[in-house]
There are 2 protein chains.
Amino acid sequence: MPLEIPEVVIDRLPTYYRLLTNLQARGVAVVSSQELGEALNVTPAQIRKDLSYFGRFGKQGRGYSVQRLTDELRTILGLDQRWRMVLIGVGRLGTAIASYRGFEPQGFDIVGVYDVNPEAVGTELGGELVVRNVADLARDLADDPVDIGIVAVPAGEAQAVVDVLVAAGIGAILSYAPTAAQVPAGVEVRQIDPVLSLQGMTYHLRRRDA
Amino acid sequence: MPLEIPEVVIDRLPTYYRLLTNLQARGVAVVSSQELGEALNVTPAQIRKDLSYFGRFGKQGRGYSVQRLTDELRTILGLDQRWRMVLIGVGRLGTAIASYRGFEPQGFDIVGVYDVNPEAVGTELGGELVVRNVADLARDLADDPVDIGIVAVPAGEAQAVVDVLVAAGIGAILSYAPTAAQVPAGVEVRQIDPVLSLQGMTYHLRRRDA
DNA sequence: AAGTGTGAACAAGTTCACAGCC
DNA sequence: GGCTGTGAACTTGTTCACACTT
């Protein structure tokens with residue numbers, strides 16, 4: 001697996017992986033690129049090409065072993081280990097993120113939560129984590145690095161938080177803040193913003209009826 | 001504004017729009033593609049090209065009027081009207097979505113909430129909306145159509161909910177369910193899934209240190 | 001017979017570079 | 001002088017189509 005892998009390909013792999021784990025849970029042993037494509041609304045050729053960047057995982061005339069392909073993708077994506085995350089911001093949104101049950105089963109653990117609000121600091125969240133002061137974030141990360149930062153603070157405070165995370169050497173940031181963060185090359189950032197998604201759809205809605 | 005506009009262009013417009021509303025709030029009157037690009041991590045040429053699909057909004061030698069460009073984008077994206085949404089699923093996630101304060105100021109209103117769970121049906125959510133039975137969804141939509149459906153049910157129930165929405169003639173679906181929905185052409189679907197975002201980043205994290 | 005893996009053809013999207021205008 | 005708008009050049013990504021393997 002040499003060369004430069006296109007970023008779009010990487011972004012599709014998690015959806016392949018998720019479908020494959022479902023198939024595996026349902027006891028499916030073998031699957032073709034045709035079948036995968038139908039379930040994911042992607043052309044079979046796309047799936048074969050994407051996978052071919054990483055190796056030759058299929059068998060001609062048969063398809064892909066679900067077990068084998070799941071394992072390969074898990075390794076490729078780095079999902080064969082657990083990842084440690086800190087959450088900054090425990091307002092409405094941050095609290096919801098902290099209590100979200102979908103991270104842990106996929107290998108993502110929130111190991112620290114932070115806020116600026118002195119009233120929030122010291123309280124327990126989800127019966128496990130005590131909210132710490134964001135002023136301690138830099139020191140805490142120096143003592144005990146984590147892999148990923150989740151930013152759930154208001155737009156105006158997001159860049160400051162991102163700067164602390166970056167200074168601490170974090171490699172990836174998942175931002176729920178409605179603002180584009182500035183980070184140096186080599187730091188991954190993904191943004192989650194339902195409003196942007198809605199606004200992309202209203203463009204089409206307007207045209208549908210007109 | 002004739003022609004086919006590339007989908008990627010549409011997807012960038014909301015981020016332009018959001019930055020422009022910020023600039024406007026801060027009293028900035030004029031902005032160049034250079035400045036916009038720096039704030040959004042996009043090349044100036046990209047911004048100019050994107051905007052050029054819709055018209056000639058800038059002035060050579062000066063840049064873009066923030067007011068003018070904001071207004072143009074609002075119209076293009078269809079944000080000069082309010083949009084009605086129903087939310088299906090009031091578990092942990094659905095409840096968080098219902099109480100999210102970011103939709104309303106942007107023109108998106110949740111006008112109905114639904115669940116299958118008989119215990120949830122009839123309860124009030126956010127002191128305003130009464131949770132209705134998902135069995136009534138089809139009839140309710142026939143009586144009183146909405147523009148957008150938000151799906152926040154478990155993976156296994158998502159397709160059934162999507163089918164009801166589609167049958168009711170809905171034009172757009174925002175899905176928080178961890179599964180790819182099947183919809184006919186002409187129905188817009190966007191998926192929000194933080195785990196997929198994280199899994200795309202771990203690929204890079206793995207390589208960073210190796 | 002069926003379905004992968006892949007070079008080659010094609011399509012889509014981005015950046016360049018500069019004419020034109022303010 | 002500065003910055004837009006835009007064809008043309010380029011780069012990136014997708015699909016085709018078929019040789020090859022089981």
Side-chain angles (χ1 to χ4, degrees), chain A residues 1-16 19-20 23 28-73 76 180 185 200 203, chain B residues 1-16 19-20 23 28-73 76 185 200 203-204:
Chain A
M1 49 223 82
L3 282 100
E4 211 48 63
I5 318 276
E7 184 61 28
V8 269
V9 173
I10 307 304
D11 286 343
R12 281 190 292 264
L13 297 185
T15 64
Y16 299 171
L19 175 57
L20 285 160
L23 292 174
V28 178
V30 173
V31 69
S32 67
S33 60
Q34 178 73 235
E35 295 166 316
L36 290 173
E38 276 164 20
L40 296 169
N41 307 312
V42 165
T43 65
Q46 175 111 86
I47 289 176
R48 295 200 302 276
K49 178 66 102 174
D50 285 353
L51 295 175
S52 78
Y53 284 104
F54 301 96
R56 254 163 283 224
F57 306 134
K59 289 218 194 318
Q60 277 112 328
R62 308 258 302 132
Y64 300 90
S65 153
V66 173
Q67 168 81 61
R68 164 88 194 281
L69 193 50
T70 305
D71 291 348
E72 294 285 357
L73 285 175
I76 292 165
Y203 170 87
Chain B
M1 51 225 78
L3 281 102
E4 212 47 63
I5 318 276
E7 184 60 29
V8 269
V9 173
I10 308 303
D11 286 343
R12 282 190 292 263
L13 297 185
T15 65
Y16 299 171
L19 175 58
L20 285 160
L23 292 173
V28 178
V30 174
V31 69
S32 66
S33 60
Q34 176 74 235
E35 295 165 316
L36 290 173
E38 276 165 17
L40 296 170
N41 308 312
V42 165
T43 65
Q46 174 112 85
I47 290 176
R48 295 200 302 275
K49 180 66 109 177
D50 285 353
L51 295 175
S52 77
Y53 284 104
F54 301 96
R56 254 164 283 224
F57 306 135
K59 289 218 195 317
Q60 279 112 326
R62 310 254 303 130
Y64 299 89
S65 154
V66 172
Q67 168 81 62
R68 164 90 193 281
L69 193 50
T70 306
D71 291 348
E72 294 285 357
L73 285 176
I76 292 165
Y203 170 86
H204 297 288

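Everything numeric in this text was worked out from a predicted model, so none of it was measured. By convention in this document, chain letters (A, B, ...) are assigned in the order of the sequence lines, proteins followed by strands, and residues within each chain are numbered from 1.
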Novice: Minimum heavy-atom separation for A/Y203 to B/I76, with atom names?
Specialist: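 Minimum heavy-atom contact is CD1-O, 3.3 Å.
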
Novice: Write down the distance between CD1 (A/I47) and P (C/dG3), rounded to a whole number of angstrom.
Specialist: 14 Å

Novice: Got A/L36 and A/V42 here, is their nearest side-chain heavy-atom distance under 4.5 Å?
Specialist: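 In short, these two side chains do not touch, never coming nearer than 4.5 Å.
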
Novice: Measure the CD-OH distance between A/Q46 and A/Y16 for me, rounded to the nearest 0.5 Å.
Specialist: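 It comes to 5.0 Å.
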
Novice: Any non-hydrogen side-chain atom of A/V30 less than 4.5 Å from a side-chain atom of A/K59?
Specialist: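 Heavy-atom side-chain distance check fails, nothing below 4.5 Å.
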
Novice: B/L36 CG to D/dG5 C1': how many Å, rounded?
Specialist: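 About 15 Å, once rounded to whole Å.
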
Novice: Does A/T43 make a side-chain N or O approach to OP1 or OP2 of D/dT15 shorter than 4.0 Å?
Specialist: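 For D/dT15, OP1 or OP2 has a side-chain N or O of A/T43 closer than 4.0 Å.
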
Novice: Can you measure A/I5 atom CD1 to D/dT14 atom P for me and round it to whole angstrom units?
Specialist: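 Rounded to the whole Å, the gap is 13 Å.
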
Novice: Give the nucleotide from the list D/dG7, C/dT4, D/dT14 with an atom nearest to the side chain of B/K49.
Specialist: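 Out of D/dG7, C/dT4, D/dT14, the nucleotide with an atom closest to B/K49's side chain is D/dG7.
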
Novice: When you check the phosphate oxygens OP1 and OP2 of C/dT4, does a side-chain N or O of A/S33 lie under 4.0 Å from one of them?
Specialist: yes

Novice: Whole Å only: how far is the OH atom of B/Y53 from the C1' atom of D/dT4?
Specialist: 16 Å

Novice: Counting C-beta onward and ignoring hydrogens, is there a side-chain heavy-atom pair between A/V9 and A/F54 closer than 4.5 Å?
Specialist: yes

Novice: Mark yes or no for a side-chain to base donor-acceptor pair under 3.5 Å between B/K59 and D/dG2, with no hydrogen or angle criteria applied.
Specialist: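 It does not, because no donor-acceptor pair links the side chain of B/K59 to the base of D/dG2 below 3.5 Å.
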
Novice: For the side chain of B/P6, starting at C-beta, report the closest nucleotide among D/dC16, C/dT4, C/dG13.
Specialist: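 Closest of the options to the side chain of B/P6: C/dG13.
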
Novice: Of the listed nucleotides (D/dT15, C/dT14, C/dG20), which one gets closest to any side-chain atom of B/Q46?
Specialist: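 The listed nucleotide nearest to B/Q46's side chain is C/dT14.
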
Novice: Tell whether B/R56 reaches the base of D/dG5 with its side chain through a donor-acceptor pair below 3.5 angstrom.
Specialist: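 Side chain to base: no pair present.
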
Novice: Taking the side chain of B/V8 as its heavy atoms from C-beta onward, which of D/dT4, C/dT14, D/dA17 lies nearest to it?
Specialist: C/dT14

Novice: Separation of A/L51 atom CG from C/dG5 atom C1', in whole Å?
Specialist: 10 Å

Novice: Check the distance between D/dT15's P and A/N41's CG and give it to me in whole angstrom.
Specialist: 12 Å

Novice: Closer to the 5' end of DNA chain D via nearest nucleotide, is it A/V9 or A/R48?
Specialist: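 In this pair, the answer is A/V9.
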
Novice: From the set C/dG5, D/dG13, D/dG5, return the single nucleotide nearest to any side-chain atom of A/S52.
Specialist: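 Minimum distance to the A/S52 side chain belongs to C/dG5.
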
Novice: Return the value, rounded to whole Å, for the distance between atom CZ of B/F57 and atom P of D/dG5.
Specialist: 9 Å

Novice: Mind checking the CZ-OG1 spacing from B/F57 to B/T70? Nearest 0.5 Å is all I need.
Specialist: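 Spacing of CZ (B/F57) from OG1 (B/T70) equals 11.5 Å.
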
Novice: Quick check: on DNA chain D, is the nucleotide nearest A/V42 upstream (toward 5') of the one nearest B/Q34, or the reverse? Name the residue that is more 5'.
Specialist: B/Q34

Novice: By a strict heavy-atom criterion of less than 4.0 Å, which residues belonging to residues 61-70 of chain B are in contact with DNA chain C?
Specialist: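 Heavy-atom contacts with DNA chain C come from no residue of residues 61-70 of chain B; none.
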
Novice: Got a sec, which residues hit side chain to side chain contact (heavy atoms under 4.5 Å, CB included) with B/A45, two or more places apart in sequence or on another chain?
Specialist: B/T43, B/R48

Novice: In whole Å, what is the span from the CD atom of B/Q60 to the P atom of C/dA17?
Specialist: 20 Å

Novice: Take atom CZ of B/R12 as the centre, draw a 6.0 Å sphere, and report whether it contains more than 12 heavy atoms from other residues, nucleotides or ligands.
Specialist: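 Atom CZ in B/R12 is packed in, count exceeds 12.
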
